[in-house]
Number of protein chains: 2
Amino acid sequence: MHSFTEENYLKAIFKLEKSSGAAVSTNSIADLLETKASSVTDMIRKLSDKKLVSYQKYKGVSLTPKGKGIAISIIRNHRLWEVFLVEKLDFKWDEVHELAEELEHVHSEKLTEKLDQFLDYPKYDPHGDPIPDKNGNVVQHKDITLADMLPKENSIVVGVKEHSKSYLNYLDSVGLILGAQIEVIEIADFDRSMTVTVDGQNKVNISHQVSKNLIVKKC
Amino acid sequence: MHSFTEENYLKAIFKLEKSSGAAVSTNSIADLLETKASSVTDMIRKLSDKKLVSYQKYKGVSLTPKGKGIAISIIRNHRLWEVFLVEKLDFKWDEVHELAEELEHVHSEKLTEKLDQFLDYPKYDPHGDPIPDKNGNVVQHKDITLADMLPKENSIVVGVKEHSKSYLNYLDSVGLILGAQIEVIEIADFDRSMTVTVDGQNKVNISHQVSKNLIVKKC
DNA sequence: ATTTATTTTTAGACTAATCTAAATTTATTT
DNA sequence: AAATAAATTTAGATTAGTCTAAAAATAAAT
Ligand SMILES: [Mn+2]
Ligand SMILES: [Mn+2]
Ligand SMILES: [Mn+2]
Ligand SMILES: [Mn+2]
């Protein structure tokens, strides 16, 4: 098996590779994992020796199919546990990420499959992120955000691009939870802040910072 | 917080202290944790520095109230997870110990309490071991075993003293699960093996090795 | 009461993961 | 094209946990 640390590196590389499309830099990994570049170099060499990443000095790193498979299975675990915590144990969506960060490393194929079944094979986690299936297939998000909407257009909240407690808490406070209906009333062009109505009732004003991290489905 | 390793040592010391009643020897810890005596000495000094155990060289070790509290809370976690795995995810009683050994180290008061509530505050784990409550109070077992029963006496299986897969599997195969009713038919005095009927039907022959590890309630 | 055996501790070494500081390579400016 | 800046790697240390082999303390046997 692999250590927690190795698994967290693989997950980080997966995330960065997906969002940038290219080979992943040492510094970007260090930033994401809040560690130092020199530590990253050490770990990369180790993962490279295990054939989990391909690596050329100074040229960045990318996952091998094997490394990618491990990364996806950890993400699957993470998101299933998040669903469990919210759906079954009544945690709020801003409380589950850190716990799932630990639970994801409990190694058991069987546990994962039984958990998936117990949760009735959910497709999305509490933040709207898609849950990879048993074979590692992930539905990909279109990533249309509220910031892409125009006045008079209607949309539904389907996810978030930012997972911080403070952001999720803020969304809660203005009613922008998963499934909320939004109509754009007005957009201020100097700062791109938006006035919207949530679920046809309360009218709120939100910054571009907020709208660009809220994934929606147009309707 | 404490590391997995520290927590496993505390749990081991708790178990040994309870079963022997006296200070715990270095070798007994090493045996239980399948490590070397020298490693144990190192860890004991560390736990002692943290005031989790009291320790005098060559005189053995015992838990401080603080160390005992941590040990009990991990055991509480362990047993709640075992209940979850068996009751909710349909694992068999011989499959859950290793998984709970990992899950017990996920640190969250809140998770433990919510899990306890979700499981409807169980009093015993799938092996009949009592689950400590929120304040660390544990109901103690009387530890009457099937080996203490006499011919014609009836009893019910309430727990096991041995948790190995092979033992639990064997019990399954002869129907000696939690709640099974046993009547002792005959005891062979040369090897103390027993003939018993299980749930009033199948008659089986079991060794002393088996009967002395089966905790029962006389009835 | 010595000797012998067992238990426990120490000394020194190893691996995993991390860090700081220095060296090297690559990228960007002038 | 040379100089400067930024990114990356290396060198050398550190901490947690472990191990083997040797020394010291305690227990058991003669
Ligand atoms: Mn998450
Ligand atoms: Mn993690
Ligand atoms: Mn454990
Ligand atoms: Mn148990």
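The structure displayed is predicted, hence computed values, not measured ones. Throughout, a chain's letter reflects where its sequence line sits, starting with A, and its residues are numbered from 1. Note: hydrogens, waters and symmetry copies are ignored here, and every other heavy atom, side chains too, is used.
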### Query
Looking at residues at least two apart in the chain, or sitting in another chain, which of them share a side chain to side chain donor-acceptor pair (under 3.5 Å) with A:Lys110?
B:Glu95
### Task
Figure out the CD1/P separation between A:Ile44 and D:dA7, and round it to whole Å.
15 Å
### Query
Where along residues 47-58 of chain A does a heavy atom fall under 4.0 Å from DNA chain D?
A:Tyr55, A:Lys57, A:Tyr58
### Task
Look at B:Lys212 together with B:Asp148 and state whether they make a salt bridge at an N to O cut-off of under 4.0 Å.
no
### Task
Step by step, work out the side-chain contact (heavy atoms from CB on, under 4.5 Å) result for B:Val216 and B:Thr145.
CA-CA 5 Å; B:Val216 298; B:Thr145 70; 5.7 Å; no
### Message
Run the side-chain contact (heavy atoms from CB on, under 4.5 Å) test against A:Asp49 and tell me which residues pass, sequence neighbours left out.
### Response
A:Arg45
### Query
Taking only residues two or more places apart in sequence, or in another chain, which ones meet A:Glu162 in a salt bridge (Lys or Arg N to Asp or Glu O under 4.0 Å)?
none
### Query
Does NZ or CZ of B:Lys88 lie under 6.0 Å from the centre of the six-membered ring of B:Phe118, at an angle within 45° of the ring axis?
yes
### Task
Measure from CG on A:Asp42 to P on D:dT9 and round the result to the nearest Å.
10 Å
### N-O pairing of B:Asp133 and B:Arg76 below 4.0 Å
no
### Query
Quick one: does NZ or CZ of A:Lys114 land under 6.0 Å from the six-membered ring centre of B:Phe91, within 45 degrees of the ring axis?
yes
### Query
Do we get B:Lys134 above B:Tyr121's six-membered ring, with its NZ or CZ under 6.0 Å from the centre and within 45° of the axis?
no
### Task
Among A:His97, A:His105, A:His163, find the residue that satisfies the ring pair (Phe, Tyr, Trp, His ring centres under 6.0 Å) test when tested with A:His78.
A:His97
### Query
For A:Glu6, what residues pass the salt bridge (Lys or Arg N to Asp or Glu O under 4.0 Å) criterion, not counting sequence neighbours?
A:Lys46, A:Lys50
### Message
I need the CZ-C1' distance between A:Arg45 and C:dT18, as an integer number of Å.
### Response
15 Å
### Task
Kindly write out the residues that satisfy side-chain contact (heavy atoms from CB on, under 4.5 Å) with B:Glu186, not counting sequence neighbours, or none if the list is empty.
B:Thr195
### B:Glu101: partners by salt bridge (Lys or Arg N to Asp or Glu O under 4.0 Å), with sequence neighbours left out
B:Lys11
### Task
Using heavy atoms and a sub-4.0 Å distance, could you list which residues of residues 15-24 of chain B are near DNA chain D? By number, please.
none
#### Entry: Interface with DNA chain D, restricted to residues 25-39 of chain A and to heavy atoms under 4.0 Å
A:Ser25, A:Thr26, A:Asn27, A:Ala37, A:Ser38
#### Entry: DNA chain D: stems of at least 3 consecutive Watson-Crick or G-U pairs whose donor-acceptor distances fall under 3.5 Å
C:1-30 with D:1-30
### Query
Residues in salt bridge (Lys or Arg N to Asp or Glu O under 4.0 Å) with A:Glu87, at least two apart?
none
### Those residues of residues 2-14 of chain A lying under 4.0 Å from DNA chain D by at least one heavy atom
none
#### Entry: Chi angles and distances behind the side-chain contact (heavy atoms from CB on, under 4.5 Å) call for B:Glu82, B:Val86
CA-CA 6 Å; B:Glu82 284 190 345; B:Val86 168; 5.7 Å; no
